[in-house]
Structures are given as structure tokens and as C-alpha cells.
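A short worksheet on the structure shown next.
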Amino acid sequence: MTNIKIALDWTPNINHIGIFAAKELGFYRDSEIEIEIINPVEDNYNLTPGKKLELGLTDFAIAPFETVISLNNKKNAVDAIAVFAILQEDISSIASLKSSNLYRPSLLDGKIYASYKARYEDHIVKEMIKNDGGIGDIIITYPDKLGIWNTLLEKNADATWIFNNWEGIEAESKKIELNKFSLREFNIPYCYSPVIMTKKSNLVNKTKEYANFIKATQKGYLYSQENKSVVVNILKQYITDYDKENIDLNKSIQATSAYFGDDELCGFMKIERINLFLKWLVDSNLENKIILDQTLFTNELMY
């Protein structure tokens, strides 16, 4: 058996369902893998998944594709590479409470945005506001990461970034109306989020084992599409007590499963989409041209 660790980007949620399904249904075991899933609750998010990968504390980490770019293009570069896209489309939004009457991004000027402190996040939100005719002048706060959503609900912030298939489902279940602004709608070609990433150096040393892990993971996500009630019951074992009380997992899987992709697309990343986001980062002066020459992803572990 090969021991493999994967660091989650958040507490267990619907985006991770294929991983937990593969664990509980024996797909990893059948591939001679002993999986360890690292929950950010363990250190209260003191280290990001990307940092855990950088420090060698995990084999794989889950994060937005922008983390892969950021790790490769910082002073002490990390040879990060994306190997699996969990969702084929971006189903996240910048959200505000409908009761706040902030019904367009431009109205966020002068308002409080609760940020996760990702490298490009604050700039992306400012660009969205500008693309809607605003100035991009927001007040940015950095609450504890695991409490950011509640910061919005408690009206300590005017907007934050959410997943429509998780916090969006919670809001719907509680009859809390949201204004949701998708990046695509405001001309930001956001990339894959979340992805599973590793280090190129690790990949070279354990190509077969890592490929077995990715294939078993892909099997977990494809299984989740066809066996929703089974995987929902699996996920229930891992989510927080808060999420058990506040999120309808059946609605969440219904809102998510189509985005896992079919047999051909599940996990797959398209170079055109990645290059479009890279070009946008450069054109927006958020990165330099060097990133355009780097190999930041591979689909080869799925074949």
C-alpha cells in the first residue's frame, strides 16, 4: 500500500464528495492506496493547502487554479502542477445579502469585503467592480477563514466569495436571499476552481502511484453522479455539525454533480481556458509574462 495525503481547501463539503466516496467505497484501497485526508480544522487554517504542499506535509492539495500560478511565480517558487479539475465550470460568486440592496458589483464601492487573502482575490473583486462601472474602492477585511461566511450573515461584511452549491444552498434553505455576481458575467475569465495539485518533483518520483490516486478519485466523482443518495450518506459522516444542521446535502449534490463532467471530461482541464486566465492576469498587471511559458497542469494521470 502507498500512503497518500491530500489537504482539503475547506472543511469537508460537496466539492470533496468524490474523494470521500472513493475512500469509503474502497476505490483507493483497490488501487493499493492508503489515503489520509487533511481537514483544515486540524490547525484552524493556520497553513493553507498550498503551504502544506510547499512544506512537504502533503502529497496533494486542493485549491483554486490561481494557487498553482501563485506558487510557481513567487520568489521562493514551488513547482506546483494541477492534475485534476473537480468542477468543469466556475460555480462560485461574489455575494451580498439582498436586504443590503447591493444589487450590482459597482455598488460595492466603499463597502466591506471579507477576503480569504488569496493572492489575486482582492484584485479580482476590484476588477469586477470596475468592469461594472465602479471605481474598485472597497474596504477589505481578513476574518478567520473558516468564519467568513458567517461574517456576511451577521452583517459584519457587505460581500464575500461563496460557492453557489454550498453556502448558496445554505442561504436558500434558510430563505436568505442573496445577490450573486459571477465573474464570467463581468468579463473575468476565471479558471478552474477547485483543482487537485501536487509538486512536479513528487510526480516524477511517484508517477504510477499518483496516477492510481487520480484514477480512483475520478472514479469517485463519476460514481457520485449516478449514486447521489449513497454518496450523500457518506459525506454526512465527515461534514461539521453546523453543516449538518444548515445545508441540504440532497439539494447540494443536485446542484453540483453535472459539473463533475462525464467519462471524458471528469477531472480534465483545457489549455485554452487556462491560457485565457493567464493572459487576463498579465493584462491586468497582476502577473508578469513569465507565467505564460510555464507548464502549470497535466491531464496525463487520468489516462
Side-chain angles (χ1 to χ4, degrees), residues 2-13 15-16 19-20 35-87 90 92 113-125 140-149 151 160-163 166 190-206 209-210 213-214 217 238 240 269 274 277-278 281 286-288 290-291 294-298 301:
T2 301
N3 294 313
I4 285 182
K5 296 179 181 179
I6 182 167
L8 302 185
D9 56 335
W10 205 248
T11 54
N13 62 64
N15 291 342
H16 310 137
I19 296 166
F20 287 108
I35 187 71
E36 180 181 343
I37 301 171
I38 303 172
N39 187 331
V41 163
E42 293 174 16
D43 68 350
N44 196 32
Y45 227 116
N46 285 330
L47 293 177
T48 64
K51 193 66 177 177
K52 288 171 183 169
L53 182 68
E54 179 180 352
L55 295 174
L57 301 176
T58 187
D59 297 278
F60 293 92
I62 298 177
F65 194 93
E66 61 194 270
T67 300
V68 180
I69 302 169
S70 176
L71 286 173
N72 276 280
N73 219 37
K74 65 175 191 166
K75 186 176 180 181
N76 299 312
V78 179
D79 60 337
I81 184 168
V83 293
F84 188 94
I86 290 176
L87 300 169
D90 175 31
S92 67
Y113 175 77
S115 172
Y116 295 88
K117 215 172 184 177
R119 178 162 171 173
Y120 311 111
E121 177 187 1
D122 301 344
H123 298 286
I124 286 172
V125 176
I140 298 171
T141 61
Y142 300 106
D144 287 343
K145 285 186 172 67
L146 296 177
I148 285 182
W149 168 239
T151 303
T160 194
W161 204 320
I162 70 165
F163 270 102
W166 196 247
Y190 195 54
C191 206
Y192 294 99
S193 180
V195 298
I196 299 175
M197 61 181 181
T198 187
K199 287 183 182 177
K200 294 176 191 172
S201 51
N202 291 352
L203 187 54
V204 169
N205 295 329
K206 295 184 177 180
E209 295 87 345
Y210 279 17
F213 168 76
I214 289 299
T217 300
Y238 290 96
T240 65
M269 290 164 282
I274 291 167
F277 183 54
L278 291 173
L281 288 174
L286 299 180
E287 276 295 359
N288 55 55
I290 192 171
I291 59 172
Q294 295 173 337
T295 304
L296 299 173
F297 80 103
T298 180
L301 297 190

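In this text the structure is predicted, and so the values were computed from the model without any measurement.
- Of all the heavy atoms in Trp166 and Pro12, the pair that sits closest is CZ2-O, 4.0 Å.
- A donor-acceptor contact shorter than 3.5 Å is absent between the side chain of Asn39 and the backbone of Thr11.
- Listed by first and then second residue, the ring pair (Phe, Tyr, Trp, His ring centres under 6.0 Å) pairs that reach into residues 53-73 are Phe60-Tyr210, Phe60-Phe213, sequence neighbours excluded.
- Inter-residue side-chain proximity for Pro194 and Leu87 is flagged as met; some heavy-atom pair is nearer than 4.5 Å.
- Under the 3.5 Å distance criterion, the side-chain polar atoms of His16 are matched with a main-chain donor or acceptor of Asn13.
- One finds the OG1 atom of Thr298 at 5.5 Å from the CD1 atom of Ile81 (value rounded to the nearest 0.5 Å).
- Across all non-hydrogen atoms, the minimal contact from Val195 to Ala82 is CG2-CB, 4.0 Å.
- Checked options Leu203, Ile35, Leu53, Ile4; the residue passing with Asp59 is Ile4 (criterion: side-chain contact (heavy atoms from CB on, under 4.5 Å)).
- The line from OG of Ser115 to CD1 of Ile140 is 6.0 Å long, rounded to the nearest 0.5 Å.
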I'd like to know whether Tyr238 forms a side-chain contact (heavy atoms from CB on, under 4.5 Å) with Ile37, so could you lay out the CA-CA distance, the side-chain angles of the two residues, the decisive distance to 0.1 Å, and finally the verdict. CA-CA 11 Å; Tyr238 290 96; Ile37 301 171; 5.6 Å; no
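- Closest non-hydrogen pair, Gly56 versus Lys199, comes out as N-NZ, 4.2 Å.
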Output, in order, the C-alpha distance, side-chain angles, deciding distance and verdict of side-chain contact (heavy atoms from CB on, under 4.5 Å) for Leu57 and Ile38. CA-CA 10 Å; Leu57 301 176; Ile38 303 172; 5.7 Å; no
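- Ala63 approaches Met197 most closely through the heavy-atom pair CB-CE, 3.9 Å.
- Note on residues 68-81: pairs passing salt bridge (Lys or Arg N to Asp or Glu O under 4.0 Å), not counting sequence neighbours, are Glu54-Lys74.
- Side chain of Tyr116 to backbone of Trp161: a donor-acceptor contact under 3.5 angstrom is found.
- No side-chain heavy atom of Thr217 sits under 4.5 Å from any side-chain heavy atom of Ile6.
- Within the 4.5 Å cutoff, the side chain of Glu287 has no heavy atoms near those of the Glu66 side chain.
- Put simply, the side chain of Lys206 does not reach to within 4.5 Å of the side chain of Thr198, judged on heavy atoms.
- Between Ile62 and Pro49, the closest side-chain pair of non-hydrogen atoms is not below 4.5 Å.
- Looking only at distances, a side-chain donor or acceptor of Lys200 sits under 3.5 Å from a matching main-chain atom of Thr295.
- When the side-chain contact (heavy atoms from CB on, under 4.5 Å) test is applied to Pro143, the partners found at least two apart in sequence or on another chain are Ala114, Thr141, Ile148, Thr151.
- Judged by distance alone, the side chain of Asp90 and the main-chain N or O of Ser92 form a donor-acceptor pair under 3.5 Å.
- Between Tyr192 and Ile274, the closest side-chain pair of non-hydrogen atoms falls below 4.5 Å.
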Does the pair Leu301 and Phe84 meet the rule for a side-chain contact (heavy atoms from CB on, under 4.5 Å), with working shown? CA-CA 8 Å; Leu301 297 190; Phe84 188 94; over 6 Å; no
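- Scanning all heavy atoms of the two residues, the minimum distance from Asn72 to Ala80 falls at ND2-O, 2.8 Å.
- Within a 6.0 Å sphere centred on CG of Asp144, heavy atoms belonging to other residues, nucleotides or ligands number 12 at most.
- No side-chain heavy atom of Thr67 sits less than 4.5 Å from a side-chain heavy atom of Asp9.
- Expressed to the nearest 0.5 Å, how far CD1 of Ile162 lies from CH2 of Trp149 amounts to 5.0 Å.
- Summarising the geometry of Ala85 relative to Met269, their closest heavy-atom pair is CB-CG, 3.6 Å, with the distance given to 0.1 Å.
- Residues Arg119 and Leu286 are not in side-chain contact: their nearest non-hydrogen atoms beyond the backbone lie 4.5 Å or more apart.
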